Amino acid sequence: MRNSFIQTLVRRAKVDPKIFLLTGDIGFSLLEPFAEQFPDRFLNVGIAEQNMMGIAAGLSREGYTVFTYSIGNFPTLRCMEQIRYDICYHQSNVKIIAVGAGYAYGSLGVSHHTTEDLGMLRTLPNMVVTSPGDPNEVGALTDFLCTHNGPCYMRLNKVGEPILNGTINSLSLGEVLQVKEGEGTAVLTTGAVLPEAFNFIRSERPDYALYSFPFVSPIDTQAMTKILNRFPRIMTVEEHQMNCGFGSAILEIANDLFYRGQISKMPPVQRVAIPNKFVGFSGSQEYLRREVGLSL
Amino acid sequence: MNFAPRTLRKHILDMSFAGGTVHIPSAFSIVEILSTLYSKHLNYSKDNMHGLERDSLVLSKGHGVMALYACLYQAGILDELDLKNYFKDGSRLKGLSDTHVPGLEVTSGSLGHGLSVGTGMALGHKMAGRPHQVFAVVGDGEMNEGPMWEALLFASHFKLDNLIVIVDKNGFQAMGPTNEVMSLGNLSQKFAAFDFAVEEVDGHDLSELDRALTTLRGQKDGKPKALIANTTKGKGVSFMENDNRWHYTRLDNSTYHGAVKEVEGL
């Protein structure tokens, strides 16, 4: 996913002189292609994330489309107030990119477990929260980020993720992707748990449908209405805490649609997520997912 | 255009009384600083404010915003009605600096943010080869916040000699004197240690402020600049000066008139 991001960004930056990339001293062996081709639009701002967001906001005032890059919770939780105030309130054209979603850097420990970000960021007005499920979604989302005017967040996994979507030419705000048709139960996923859900369905529940959600906020309510009207049972899967994450977002939408009479029944929603805990031991992403019960 | 300190202080008193607001002393301590900037150093006006070819004043200590409103009124950017409706329901003029008000570069109700944003603006000018300056007015209490020092490191490293940080060193913060709450030690030395070019002056002496700003702006050695302005919180009204209760006090009829008398008599 990392590579899909930087390759798309480089392609975009070739034709859009307003794209500016800041990094908080992360990205060795990844960001060099951008830095080398666009030295006047790249800056390592050092290990200072709160300042990085302020700098990004200041640059965006002068017309730049600013991308900020770091790992885990550092470009988000660490500087949430800057994001809320300097970026979201002003609708600054700043895109926050975090690599290492979920337990992608599991063996580094809790400091690098990115497991509360979706919940925290989707509370902020004006923030578009995205969570690609495979490298194709990353490319399309990066394109979207480059043209959408306003604050965005994208949580990347790491590297080596299988491609499960066909070519995605473009994504519109909130778009939902159908990965597999089915009936009875619709599995809704966001982010890099997509392959796990896909494999589970293929081997154990071949009749289930599978949808990937590159956007966690906002989500296209028309698409959701169709899904909820079609499928009597819903399962959500995410590499994020149970509280306030993607599954919560789906519950909110379902409830509001039901309340407004746009769907006739509240479906039972099984939420598969991290059971609101920290994981204090080291492990690979697969190991940690199993250990917390995040498996299908 | 007239940016005389007594005019600015009178506006501050008027809008504070009309709006029933606090933070008067925080506005009073920066009056001479803003007066000097608007009259002599800041290339900013109604005519150039919407483009990029201009200087910027970033008020990072957003609670001093009444002083800025007063200047913007004098500059013809805010009008009579804005000042009369300050703080009222639905007013665009809030108690803390907010970019939804024309003339305000940053929203700075939360301390420690504005300097980073201003530094980003200075960076943008430098990288685009534009000659414009960013003047960031910060508070001494505000210097408690970590990101301020991140911005200082950044400014030095990237040689932002178009950034001038002006510290309103009035010696107070919310809960008491800065020396008692969180001492800044020798602030001039700290800025010098961060590779800034530093001047320290009486923050209420217009000619000293002008001289120091001129000196700093004349230096082209790649260092960002710091002007430590030693000020008095509440300057201009004897019963407010250095009495931190006035940080939180609203004017009533008698104190309003008493204050106006002193300010106009000066």
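The chains referred to below are lettered A, B, ... by the order of the sequence lines, with proteins before strands, and numbering in each begins at 1. Keep in mind that what you see is a predicted model, and the values were worked out from it rather than measured.
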**Message:** Once ring-ring contact (aromatic ring centres under 6.0 Å, His included) is applied, do any residues pair with B:Y69, and if so which ones, sequence neighbours excluded?
**Reply:** B:Y86

**Item:** Within 6.0 Å of CZ in A:F278, more than 12 heavy atoms from elsewhere
**Value:** no

**Complete:** Closest non-hydrogen contact found for B:G120 with A:L59 is O-CD2, 3.5 Å

Could you pull out every donor-acceptor pair under 3.5 Å between chain B and chain A?
from   : atom 1 : to    : atom 2 : distance (Å)
B:D98  : OD1    : A:Y89 : OH     : 3.2
B:D98  : OD2    : A:Y89 : OH     : 2.5
B:T99  : OG1    : A:H90 : NE2    : 2.7
B:H100 : ND1    : A:Y89 : OH     : 3.0
B:E105 : O      : A:R61 : NH1    : 2.6
B:T107 : OG1    : A:H90 : NE2    : 2.5
B:G109 : N      : A:Y85 : OH     : 2.6
B:S110 : OG     : A:E81 : OE1    : 2.9
B:S110 : OG     : A:E81 : OE2    : 2.8
B:H113 : ND1    : A:D86 : OD1    : 3.3
B:H113 : ND1    : A:D86 : OD2    : 2.8
B:H113 : NE2    : A:E81 : OE1    : 2.8
B:S116 : OG     : A:N51 : OD1    : 2.6
B:H125 : N      : A:E62 : OE1    : 3.3
B:R130 : NH2    : A:E62 : OE1    : 2.8
B:E150 : OE1    : A:N51 : N      : 2.9

**Residues in ring-ring contact (aromatic ring centres under 6.0 Å, His included) contact with B:F191, at least two apart in sequence or another chain** = B:F196

**Asked** Got a sec: does the NZ of B:K40 have more than 12 other heavy atoms crowding it under 6.0 Å?
**Response** no

**B:V106 portion near chain A, given a 4.5 angstrom heavy-atom threshold** = both

**Prompt:** Is A:L108 atom CG crowded by more than 12 heavy atoms from other residues, nucleotides or ligands, each under 6.0 Å away?
**Reply:** yes

**Prompt:** Based on non-hydrogen pairs under 4.5 Å, which of B:A128, B:A151, B:G118 is most in contact with chain A?
**Reply:** B:A151

**Message:** Rounded to the nearest 0.5 Å, what separates atom CE in B:M127 from atom CG in A:L43?
**Reply:** 5.5 Å

**Request:** Please list, chain by chain and in numerical order, all residues satisfying side chain to side chain donor-acceptor pair (under 3.5 Å) with B:K225, sequence neighbours excluded.
**Result:** none

